[in-house]
Amino acid sequence: MYSFAHISDCHLGANRDPFLRSLEIEAFNRAMDECVRRRVDFVLITGDLFHSNIPDLGVANEAVKKMSEVAASGIPIYVIYGSHDYSPNETSLVDILSSANLFRKVVRGEVKNGKLKLHFFQDPKTGAKIAGISARRLGIERKYFEMLDRESLEKEAGFKIFAFHSAVTELKPDYLTHMVSVPLSYFPRGFNYLAGGHIHQHLIRKVDGYGTVAYPGALFAGYPRDLEDTAKGVRRGFLIVSFRDDVENVEFVEVPGPEYLYFEYDATGKNSTRVAEDLETKAGELPVENRIVLMKIAGEMSGGNTSDINFMELRNTLMRRGALYVGINRHGLTTREYGAVTTMAEDVGEVERKLFRENIGAVKVSVDSLRGDAGAKLAVELLSVLRQSQKAGETKKDYEARMLREAIHLLKLEEAFQG
Amino acid sequence: MSAVGQIVSGRVSSILIREKSGEKIELGDLLVVDEKDGYLILKVFDLLYGSQVPQAARELLAGMELEGHGEAVDFLEPELRSYVLAEVKAIARVTNRGELRIPKTLPGFFKSVRLISEKDLGFLTKPPCPVYLGRVRSGSKVLNVDVFLNGLDVFTHHVLIPATTGRGKSNLVKVMLWSVVGENNFGVLVLDPHDEYYGRHGKGLKDHPKAKGNVFYFSSNPVPGTNTLVVNLKSIKPSHFEGIIDFTDAQWDAIKIYYNTYGEDWISSIVSGIKVESVAPRTVDVLQRKFNNALGVYMDDSGVLQCRSRAFSDTAGESTIGEIIRLLEEGRIVILDTSRLLDQAELLIGSIVVEGIFNRYQQYKSTGELDDKPVITIVIEEAPRVLGSDVLTSMGENVYSTVAREGRKFKVGLIAVTQLTSLIPRTILANMNTKIIMGNEMAPERRAIIDSAAQDLSEENRTIASLDKGEAIISSNFTKFAIPIQVPLFEEYIKNYEERSEEDDRESTVFIG
């Protein structure tokens, strides 16, 4: 019997807070140590190992040290890009580490006659064959799925793993309805294991014709929402898959962290003085010692301003009482007197989409394509075009010209700018 | 244009025209009487013989011919003495300024009439947010005049498509939907029990040049790139069954208890046989059987929840309903292939989506956002399954009937397709402000259609019975008169559109591993 570890969404470098950052790398180290202890035959990381293509080098250094230990113990590490650690314009740390043979990127393929033909990588020890599709920002990998030559993949014999970093439409949790996803019908059939990344809660499903589809979820937290979910009971860890000719068992291995305390406060109908008093009282009562404390303060206050509440002092009180970290989410807190534009979502793209959608009504234009959902969608797309950074070797002039050209193309204004 | 006849007598409801010899006026023909300040459009609803020769003389002459007493015997000046009379009705008056009015006076006595020409229908212009229906038909002649209706009006105020089998109902709906693909003013939900709209096995909406990103197909047996129709049992609330499955009071009570106790896991709890003290085991057994029969869900021998149609699951499909609602709100066409589902399962899934979208649109109305939202229309075949009097009486109101009665306030409408209009209550029929009437031989059905039409179609009974495949009459609050049309054959109609350019930039795509 063989086994491999399926890890995903480590998001190393996501947290700015030093304490959370230490937990982030600690979770990674623990997971790697467990892989060594359990003598898995290989480790497969299905994207977002790092939170950005060039993460904080201190974090990277820690991770490299640990992965070197794993590799030195004879356990190869296989990696695919996630949506965060890939950049179309710059080299990614994943590339550098792959070039240094610390791990191996296992997604290989070529486009021929409009079809994407993937090549299998075979793990030398177990004979497991791995193919897959890495993630690209804004779900551009969907195009790869559209072009995928499934037949050639399905014909291959042996124990097959398909690694990917996308949400599967049919398996998306309810709260991720708006997340760009790929329908299951785009995946090749007949694989033994579909190793997913991108969804931050662990999920293991047997699907007729597709074998086991699994997501380990985030190892620690890539977003504040992950912390909130952990505090509400979502367990963090990775998967160990045992197999012979087919998957025998998928075990979720929890990587425990500190205890959490989650507290919600509804400020609706109370004035800012009352809210401040209530929170002060709560801060003195809650059992916060040795816990990560997450507070969610929401609702429309009847009077006063949000700035009347001293959140810094609230945080300090909780820290003085022994909290390990205090996170205060007050995005949903508004007052009747001062409406604020706030939104909460899973990722930046989603926040932008929501903000545009909620506020586009305030822009009065006569062109249909700039209004409503269509206008919001166009705005998000324009933002993503304008957000591109300068390519290596590209002059500033060429960069500006490219930005202008792509924006004009997106807005379908070529005719207006001709001549 | 030359005259085809002349007005000889009649009244407002039935004007008699003598047909010119050598001409052939058809049932359903549109004729025109030119007037000083415009022209009047007439429609033929019956034809009869007229003759100056007394009946006895005609009978004698026929006998002589039949019995061989003089083959050369004929009437004197037969084209003058025997002729065809057309019974017509004035349906519209067009002024020289192109204004359309309902005729309130008779045309000039003894005026000559001519066949309608394309020029006479210049007032049929393309409205904003157009939905294509076909070309104007005069009798069996198809004129080169396209008929569009404003989809925002028509879809909001419901559409009824009554006809017997084989008259082209689905073909008409396909043509209508094809014309709105990519027009994001409309979100269309198609409950497709025959899997005929997407074009899995032939031409369909998938072949539209703008299908990608605008036409979405959910099937329990999806083709690559399309979505699996799988609904998580957690998405189902007891209210979704209202009017869809007949539960007794005791069963409803049990359902409420399970829902209150287990929340969104209530169906799984019943199916897996979890006991609740206040519910009799026999009631749970019956509910298990009902869910098994209606949804196909049951526990297998190893205690795992299974679904025969694969359309329901306790592990997958959590976001399916949200995804469908999101697509509709973005103005897309969503086709649910329900061909592998039992009737009740199909209606239940529709009910969940419709309730979801209806609730959201009610919310948008209260927050003032509704104006920015596309109109939603729901295509439902064999509409009496949910809108029939018997169903509504025995099982009470359901979300479809609520939409039929109140949907227009919230920009949600139905396209109800049926063979049996008479089963739908008059109160609901009266709310369906556009009827696209196709051929129907059954007199009671024609009567129900005519009685609820937007225009007076009392003289059209015979015409409706004689409508051939693809021929239809549009009776709508949004047209001044009932327009006869010929719906093109879908496969022919879509030939006008360019073939979808085969994934353009695929060759230039660079794969990054």
Side-chain angles (χ1 to χ4, degrees), chain A residues 80-81 86 88 105-119 132-134 136 142-148 150 167-179 181-187 203-208 213 357-358 360-361 368-369 371-375 377, chain B residues 128-129 183-185 187 212-213 216-232 234-235 264 304 306-307 310 313-327 329-332 367-369 371-374 502-513:
Chain A
I80 71 169
Y81 287 123
Y86 169 76
K105 288 194 290 175
V106 286
V107 174
R108 298 179 305 161
E110 59 189 325
V111 177
K112 250 187 188 173
N113 303 325
K115 284 261 181 190
L116 169 60
K117 192 168 167 55
L118 293 179
H119 304 307
I133 290 180
S134 291
R136 304 281 296 276
R142 189 181 161 106
K143 189 170 181 80
Y144 290 158
F145 277 96
E146 286 173 16
M147 298 165 62
L148 184 61
R150 281 173 287 276
V168 172
T169 309
E170 290 81 354
L171 300 180
K172 265 192 305 187
D174 189 26
Y175 70 93
L176 294 181
T177 298
H178 283 83
M179 181 185 260
S181 58
V182 179
L184 204 49
S185 60
Y186 267 143
F187 285 79
L203 180 156
I204 304 161
R205 298 279 185 271
K206 270 268 190 200
V207 182
D208 276 353
V213 188
R357 187 62 203 92
E358 283 167 15
I360 198 147
D368 276 353
S369 59
R371 289 156 58 183
D373 286 330
K377 187 166 175 271
Chain B
C129 306
E183 304 298 324
N184 300 133
N185 301 308
K212 191 175 173 185
F216 291 84
Y217 179 66
F218 288 72
S219 170
S220 49
N221 180 24
V223 289
T226 62
N227 300 288
T228 312
L229 179 60
V230 56
V231 174
N232 197 287
K234 290 178 180 171
S235 311
E264 58 187 16
V304 176
Q306 301 286 359
C307 177
R310 297 185 190 166
S313 168
D314 59 342
T315 55
E318 270 188 48
S319 64
T320 303
I321 297 297
E323 188 92 11
I324 293 170
I325 290 173
R326 178 179 67 81
L327 292 169
E329 266 193 53
E330 287 175 1
R332 318 291 179 203
T367 56
E369 296 170 85
D371 286 348
D372 291 338
K373 297 289 168 188
E502 225 359 272
E503 300 312 334
D504 37 28
D505 56 344
R506 280 191 169 185
E507 277 309 318
S508 58
T509 302
V510 178
F511 180 66
I512 295 167

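Quick caveat, the model's predicted, so the values are computed rather than measured.
Of the listed residues (A/His178, A/Glu110, A/Glu170), the one with the most heavy-atom contacts under 4.5 Å to chain B is A/Glu170. Note on A/Arg150, A/Lys105, A/Lys377: by heavy-atom pairs under 4.5 Å with chain B, the leading option is A/Arg150. Between chain A and the residues B/Glu330, B/Glu369, B/Glu323, the most heavy-atom pairs under 4.5 angstrom are made by B/Glu323. Between chain B and the residues A/Val213, A/Asp208, A/Ile80, A/Leu184, the most heavy-atom pairs under 4.5 angstrom are made by A/Asp208. Interface check for chain A: of the options B/Pro222, B/Gly322, B/Pro224, B/Gly368, the most heavy-atom pairs under 4.5 Å are formed by B/Pro224. The choice from B/Ile325, B/Thr226, B/Val223 that makes the most heavy-atom pairs within less than 4.5 Å of chain A is B/Thr226. For the set B/Val230, B/Thr228, B/Asp372, the entry with the most heavy-atom pairs within less than 4.5 Å of chain A is B/Thr228.
Listed by chain and residue number, nothing satisfies the side chain to side chain donor-acceptor pair (under 3.5 Å) test with B/Thr320 (two or more places apart in sequence, or in another chain).
Contact annotation for A/Arg108: only backbone heavy atoms (N, CA, C, O) come within less than 4.5 Å of a heavy atom of chain B. Of the atoms belonging to B/Asn227, heavy atoms from both backbone and side chain fall under 4.5 Å from chain A. Looking at B/Lys373, only its side chain comes within 4.5 Å of chain A, counting heavy atoms on both sides. Within the 4.5 angstrom heavy-atom criterion, only side-chain atoms of A/Leu118, from C-beta onward, approach chain B.
When atom types are taken as modelled, the side chain of A/Ser185 and the backbone of B/Gly225 share a donor-acceptor pair closer than 3.5 angstrom. At distances below 3.5 Å, at least one donor-acceptor pair connects side-chain atoms of A/Lys172 with backbone N or O atoms of A/Met179. Although no hydrogens or angles enter the test, the distance criterion places no donor-acceptor pair under 3.5 Å between the side chain of B/Glu318 and the main chain of A/Pro173.
Environment of CZ in B/Arg310: sparse, with no more than 12 heavy atoms of neighbouring residues, nucleotides or ligands closer than 6.0 Å.
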Apply salt bridge (charged side-chain N to carboxylate O under 4.0 Å, His left out) to the pair B/Glu329 and B/Arg326, showing each step before the final yes or no.
CA-CA 5 Å; B/Glu329 266 193 53; B/Arg326 178 179 67 81; over 6 Å; no
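A/Met147 has its side chain out of reach of B/Phe511: every pair of non-hydrogen atoms, C-beta onward, lies at least 4.5 Å apart.
Donor-acceptor pairing under 3.5 Å is lacking for the side chains of B/Ser319 and A/Thr177.
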